[in-house]
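What follows is a single structure, written as C-alpha cells, with notes after it.
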Amino acid sequence: KAAKATKFKVMSGEKTSSSGFALFSDSHFRNLWGGNLFSNTGTFMMIIAAGWEMSSLTQNAALVAMVQTALSLPFFFFVIPGGILTDLINHRRLLILTQTWMMLSVAAIAWCAWTGRLTPWLLLGLLTLVGIGTAVHQPAWKTILQDLVKRDESASAVALNSLNYNIAQALGPFLGGLLAGVAGVASVFACKAVSYVSVIGALWSIPDDRLPRPKTGVTASTVISSLGEGISFLRSSPILGGILLRYALFILPASGMM
C-alpha cells in the first residue's frame, strides 16, 4: 500500500521527500546533529592532544599506546549496562548526565595540563572516565535520534549520524594537531570540554512531547528483563548475528594493528 501511495503521489505531481537531508528542516534534529558534529570533532582533536601530551610526559611506548586503550576499553564493560539504562531511564536525562560527566572529566585534563600537574597515570585515569561516559552515552544517543524522527525516517537518521562521525574524523585530527602546535594541548582539551555544552543545550531544547517516557524504573527485575529481551532479540535475528560476527572479524585484526 505504501508503494502504491508513493507511486500515486509521483504520478499526480505531489511532492515527496526522498532525501534524508530533509530531516534538517526539523530544528531540534538540526541542532542536535550540529552540536554532535562539534563534539565529535572535539573528540578526535582530544585523541591527538592526548597522544601528544603522553609522548611528552613519558618515553614509555606502552603508556602512549594505553591512551587509546583508556578511551576504548570501557566499552567492553559499560556499553551493555548503558543499553539497559537506555531502556529504563529517560533518554534526555541519561544523555545530559553522561555529557556532564565527560565535560567535567575533560575539563579536569585541561586544567591539569594548563597548570603542569598532569602525569601519565592521571591522564590515563581521566581518559578512562571519559571512555566510561562515552560507552554509557552511545546507546541512548542512537535511540534519541530515532525518537525525533518518524519510523520510516530512522534509516536516514542513522545515515546522517554516520556522516557526522566521518566528517569529524576527517577534520578533528587536523584541527587538533594545528591547535596543539599553536596554542598547546591544554587549549585542545578546553575546546573539547566546551563542545559538550552545545550538545547539552540541544538536548534541553527538545520538547518533552517529542521524547517517550520510560515505562519502568531501574530495579533488579527490570534490569534482568531488559537484558533478557536483548539476548532474545539477538537470538531471533540472524541478520544482526551476522553483522556482529563480521564486526568481530574486522575489529580484532584492526585493533591489533592500532
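The basis for the numbers below is simple: all heavy atoms, side chains too, and nothing from hydrogens, waters or symmetry mates.
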Do Met103 and Val194 have side-chain heavy atoms sitting under 4.5 Å apart? no

- Query: Is the backbone of Gly35 close enough, under 3.5 Å, to the side chain of Ser39 for a donor and an acceptor to pair up by distance?
  - Reply: no

_One thing to verify: whether Arg92 and Asp147 come together as a salt bridge, which I'm taking to mean a side-chain N less than 4.0 angstrom from a carboxylate O._
no

Problem - Parallel, tilted or perpendicular: rings of Tyr247 and Phe250 (30°, 60°) - result: tilted

Side chain to side chain contact (heavy atoms under 4.5 Å, CB included) test vs Ile84 passes for just one of Asp87, Thr86, Ile80, namely Ile80

Within the structure provided, determine whether Leu160 and Phe24 are in side-chain contact (heavy-atom separation under 4.5 Å).
yes

With heavy-atom distances below 4.5 Å as the criterion, would you say the side chains of His91 and Leu211 are in contact?
no

Relative to each other, are the rings of Tyr165 and Phe44 parallel, tilted or perpendicular (30° and 60° limits)? perpendicular

- request: State whether the side chain of Ser205 and the backbone N or O of Ala202 hold a donor-acceptor pair below 3.5 Å, judged by distance alone.
  value: yes

- Query: Given side chains that start at C-beta, do those of Val106 and Tyr196 come closer than 4.5 Å, heavy atoms only?
  - Reply: yes

Does one side chain, of Lys142 or Gln146, offer a donor that lies under 3.5 Å from an acceptor on the other?
-> no

Margin query: Between Ser195 and Ser198, is there a side-chain donor-acceptor contact under 3.5 Å, judged purely by atom types and distance?
Written below: no

Q. Do Trp141 and Asn161 have side-chain atoms, one donor and one acceptor, less than 3.5 Å apart?
A. yes

